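Single-structure report; data block below.
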Amino acid sequence: MKRCFSLFLITLLLTNCAYPQDNELAKPSLKQIRFADWEVGAFIHFGLNVFTGMEHGDGQFPPSMFNPTNLDAEQWVLTAKDMGAKYACLTVRHEGGFCLWPSKTTDYTIANSPYKNGKGDIAKEFVDACRKHGIVPAFYHTAAFDANATLGTYEGDLELPLEWGGTWSTAMGEAHKKDPELRERLKKKQVEQMRELLTNYGPIGFMWSDHWDAKDPNGVWRAVTDLAEELQPEMVFMGPDSWVPGNETGHVVYPMWNPVNTVDGTKYSRPAANDNDVTTENNYGLLEGEVRTGHPLGKFWRVRECTTNTGFNYGGWFWHPDSIKRTAPKKHWEHLDLYYRTVGLGANVIINLPPDNRGLIPDDIAKAAKKFGDEIQKRFSNPIAELNTVSSGDIVELSWESPQKINTIVTMENIANGQKVVRYTLEAFVNGKWQKLEPRNRVMGFKPYNNNPGYETIGHKKIDRVKPVVTNRIRFKCLESVLQPVEIRSFSVYNCDPIIRDFDASYPYISGVETIYESAHGGVRRDKNYKGGKIVINGKHFEHGLMVCPVAKEKKGVVEYDLTAYPKAKGLKASIGIEDMIGDKGSVVFIVEGYKNGEWIELFKSKKFTGIDDAEDIHVAFPSKLETLRLITTDGGDNSNSDHSIWANAVFTE
C-alpha cells in the first residue's frame, strides 16, 4: 500500500510545558486561518510609475502618461495561478495618488488617461479576471500617503522628480506645515476611496494597507480600519489581521510567533518589540524597519506575510526597462529558497509579478512563475505518507509499508486553538531504533533572519528538510510547549529532489563557488547586481563579481569559503569598490580573513571607499594550509543599506 499509516499518541507530558497552564492563548479568526492556508499570493504592481520610471510616485506626472496598449488582466491572473498563488493583490492606488479606477474623489485617475479613452476601470477588470479563474481578489491601497493630493496646492518650489526619503519627504512635510487643514481633507479622501473600493467591486479577500499605523496623527488608519470591518468583515486587512516580517526581501524571522502584543495594547497599532527584537526608526512607516518575533502569550493574532521586492525579481516593485534598472527574474533555485524560508517557516509569501508598459507581465517572469509553481506542485503533491486528522498529544507517529528514502517532513499545528509548540524534534526508526533526523534547513538569510533554522516553532506550517534516511516510520516529539495539549493538524513525509544552486560563473571566479556561510542585506548577489545587469564601479563595467552589502544592525556583510575543497587556490585577485548608483551616499571597508590553526588572521584591509571612488585592484596571497577564507564588507560610517559593496572579477589564483 502506498499510504498506510499508524498514529501513536502519548498521554500529555506536563513536564514538557514550561508555561503556566492557565494561559489564554490568542487564536486566529476563521478568515485568518483561511488566509494562512492560501500561503502564496501574487503582487501586481502597476500604475503611473511604470511610465515614469519611479518606485514611489510624487504625484506630479500627468495622467496622460498612463497608456498601456495591450493590458490584459486575465494574463496577470493566469500567471499568478500558474505560480500556485491563491490570491492576487493589485496596487489600485500607490503612494503617488494615481487611481486605477475612476474614483469620484480625485481627477488623478485613469478617467483622465488615454486608456480606453478614459472609460476604463482596471480595478474591475482585475477583480472580474480573478473571479473567472478562481483567484481571490485583493487590493493594495495606502491611506498614509497621497503625494498628488498633498502637493496639489503646494506653493513652494519642487525639485522634480522628488526623491523618495529626501526631497519627497521634505515637500510633504512642508505642505502640511503650510496648510493646517490638509490632514483632515486627506483623511476624508482616503476614507471615501476605501468606501468606493470596498463597495463597488464585490467581496475582496485581502487588502494590503501600506504604512498602516504610521504614527497616525489624525486617526486616518483607525478610520479606514473600522470602515473595512464595517463594509467587508470577512476581508483580511493588513494591520489588525496580518503583518509583515520586517523586510521586503522575502525573509521571515525564526522562531516566529503569530501572537503579538501591540504598542498601545489595542488592535489599532503595530506589534510591540520584545527585548531581542530589532527596530530601525524612520518617519514614514516603512515596514522593513521593524523585525518582530511575536510573543507566545501575545494578545493579538497576526498572520505573517512576506513581501518580495527583490525576492523573486531584480528591479524593484514596478517594472523598469534596461535604461533604469531592468526587471528580470532571479534564478529558479533562488525562487525555491524563497518558498522554504517563508511558507516553510510558517508565513505567507506574496510574490511580485510586475506588468510592463504594455500592461502585460513580461514573458521571462511569467515563465519563471510557472516553473516555480510546477516545481512546488511536484515536490508536495505526492507524499510518501500523510496524516490529515488533528492529533492531540506530545508524540505523533507516522508509518508506511515499505522503507523508503525520505528527506522532507511537513508539520502543521492546529492553530485554531492557538500556537503552542516551542521546541520539538523529528525522529526516524532506523535499524531497530529511533534516531534524531538531522535538519538541513539552510536558506539564504541575513541577521536577524535565521539562515539555518532548526526545530522550534511550527505555527501554520513548518517544512523541515533533513539528512536523508531510509525508513518506514517517523515521529514528531514536542519537547516544550506554551500550553497543553499540543495539537498537530497535519503530518506528512516526502523525498524531494535536491536544490542545485547554479551560478553564472564557475571556478576560479569566487562568484561561481558555493559558500559555507553568507550574510548580506538583501542576500549575496552573484554576477548581476540588483539591476540585473553587469556590475558598475564608477562607470567601469565588470563581468563577474559578488555584491555583499553590510547588514544594517551588524554593519557588515560576510561570505566564507571552504578552502580545503580547493587545494590549488593560493590567493585572491579582485577589483573592489561600490556600485556607483549611490554616488557618495555610502561607504565601505573591505577585509579579507583566513582561518588557520584555530584562529582567524587578517590578510587584507582596504581604505574607506565611496561610490565616487574608482575600483582598486588587490592581490591577496594565502598562507599555507589555510582552511577557510572570509570576505567581509563593513559599513564605513554611512547608511549601510546603501553600501553596494562589490568584489568585482574576483578569482582564486593558483
Side-chain angles (χ1 to χ4, degrees), residues 28-46 73 76-77 79-81 83-94 100-101 122-144 190 193-213 221 224-245 248 250 252 258 267 270 287 300-309 311 317 342-343 346-354 415 460-461:
S29 64
L30 290 177
K31 67 181 180 182
Q32 288 176 310
I33 295 175
R34 184 170 63 245
F35 181 60
D37 282 342
W38 294 343
E39 295 185 348
V40 177
F43 224 154
I44 311 297
H45 274 76
F46 190 65
W76 304 349
V77 171
T79 301
K81 191 168 185 176
M83 189 178 66
K86 298 297 188 294
Y87 64 107
C89 182
L90 173 64
T91 55
V92 289
R93 206 223 74 204
H94 206 253
L100 294 184
W101 79 101
I122 297 176
K124 184 178 188 305
E125 293 180 49
F126 170 75
V127 168
D128 289 347
C130 285
R131 296 196 175 112
K132 178 179 178 180
H133 296 288
I135 296 291
V136 178
F139 287 152
Y140 166 110
H141 182 274
T142 177
Q190 307 316 315
Q193 286 190 356
M194 285 283 292
R195 190 182 305 278
E196 290 177 346
L197 293 169
L198 299 183
T199 301
N200 298 339
Y201 299 99
I204 303 299
F206 172 61
M207 179 164 279
W208 179 270
S209 42
D210 205 359
H211 310 287
W212 185 85
D213 182 42
W221 280 121
V224 296
T225 300
D226 287 343
L227 183 66
E229 179 67 23
E230 172 193 339
L231 296 177
Q232 298 222 24
E234 293 304 308
M235 181 183 76
V236 173
F237 193 63
M238 199 286 284
D241 297 319
S242 68
W243 199 246
V244 295
E248 296 181 341
V252 63
N258 287 281
K267 70 175 185 178
R270 296 177 168 221
L287 302 180
F300 302 97
W301 187 281
R302 288 184 179 166
V303 182
R304 291 298 199 289
E305 185 194 42
C306 299
T307 53
T308 57
N309 178 2
W317 285 117
T342 54
V343 175
N348 283 27
V349 60
I350 184 165
I351 296 174
N352 194 37
L353 302 176
I415 58 174
H460 170 258
K461 176 181 281 188

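In this text the structure is predicted, and so the values were computed from the model without any measurement.
The pair Asp128-Lys124 counts as a salt bridge, with a side-chain nitrogen and a carboxylate oxygen less than 4.0 angstrom apart. A salt bridge does not link Asp241 with Arg302: every distance from a Lys NZ or Arg NE/NH1/NH2 to an Asp or Glu carboxylate oxygen is 4.0 Å or more. Residues Arg34 and Glu39 are not paired through a salt bridge, judged by the lack of any N-O separation under 4.0 Å between the basic side chain and the carboxylate.
Judged by distance alone, the side chain of Lys31 and the main-chain N or O of Met235 form a donor-acceptor pair under 3.5 Å. Within the 3.5 Å criterion, the main-chain N or O of Asn352 finds a donor-acceptor partner in the side chain of Thr308. Although no hydrogens or angles enter the test, the distance criterion places a donor-acceptor pair under 3.5 Å between the side chain of Lys81 and the main chain of His133. Judged by distance alone, with hydrogens and angles left aside, the side-chain atoms of Ser209 form no donor-acceptor pair with the main-chain N or O of Trp212 at under 3.5 Å. Within the 3.5 Å criterion, the main-chain N or O of His94 finds no donor-acceptor partner in the side chain of Thr142.
Remark: of the listed residues Asn258, Asp37, Asn348, Asp37 is the sole one forming a side chain to side chain donor-acceptor pair (under 3.5 Å) with His460.
Of all heavy-atom pairs spanning Val40 and Gly84, the tightest one is CB-O, 4.0 Å. Pairing each heavy atom of Gln32 with each of Val303, the nearest pair is O-CG2, 3.7 Å. The minimum heavy-atom distance linking Ile33 with Pro28 is given by the pair CG1-CG, 3.6 Å. Listed here is the closest heavy atom pair of Val127 and Pro137: CG2-CB, 4.2 Å. Minimum heavy-atom separation, Ala85 to Ala42: CB-N, 3.9 Å. Listed here is the closest heavy atom pair of Val252 and Ala347: CG2-CB, 4.0 Å.
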### Query
Should His141 and Met194 be marked as a side-chain contact (heavy atoms from CB on, under 4.5 Å) after you check the CA-CA gap, both sets of side-chain angles, and the distance that decides it?
CA-CA 8 Å; His141 182 274; Met194 285 283 292; 4.0 Å; yes

### Task
For Gln232 and Phe237, run side-chain contact (heavy atoms from CB on, under 4.5 Å): C-alpha distance rounded to whole Å, both residues' side-chain angles, the deciding distance at 0.1 Å, then the answer.
CA-CA 10 Å; Gln232 298 222 24; Phe237 193 63; over 6 Å; no

### Query
When you look at Thr91 and Phe43, which way does the side-chain contact (heavy atoms from CB on, under 4.5 Å) test go after all the steps?
CA-CA 8 Å; Thr91 55; Phe43 224 154; 4.3 Å; yes

#### Entry: Verdict with reasoning, Ile135 to Lys86, per side-chain contact (heavy atoms from CB on, under 4.5 Å)
CA-CA 5 Å; Ile135 296 291; Lys86 298 297 188 294; 5.8 Å; no

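Glu305 has its side chain out of reach of Val349: every pair of non-hydrogen atoms, C-beta onward, lies at least 4.5 Å apart. Looking at Ser242 and Phe206, their side chains come closer than 4.5 Å, going by heavy atoms from C-beta outward. Contact check for Trp38 versus Val136: side-chain heavy atoms found under the 4.5 Å cut-off.
Considering CG of Asp213 and CE of Met238, their distance stands at 10.0 Å, rounded to 0.5 Å. Between atom SG of residue Cys89 and atom CD1 of residue Ile351 there is a gap of 13.5 Å, rounded to the nearest 0.5 Å. Interatomic distance, CG of Leu231 versus CG of Leu198, reported as 5.5 Å (0.5 Å rounding). Here CD of Gln193 is found 12.0 Å from CZ of Phe139. Values are rounded to the nearest 0.5 Å. The CG atom of Leu227 sits 7.0 Å away from the OG1 atom of Thr199 when rounded to the nearest 0.5 Å.
Between Tyr87 and Phe35, the ring planes are tilted. Angles from 30° to 60° get that label.
Residues Arg93 and Gln190 have side chains that bring a donor and an acceptor to within less than 3.5 angstrom of each other. Counting only N and O atoms by type, the side chains of Trp317 and Thr307 include no donor and acceptor under 3.5 Å apart. In this model, a donor atom of one side chain and an acceptor atom of the other lie less than 3.5 Å apart for Trp101 and Glu196.
Under the 6.0 Å cut-off for aromatic ring centres, Phe46 and Trp76 qualify, their centroids lying closer than that.
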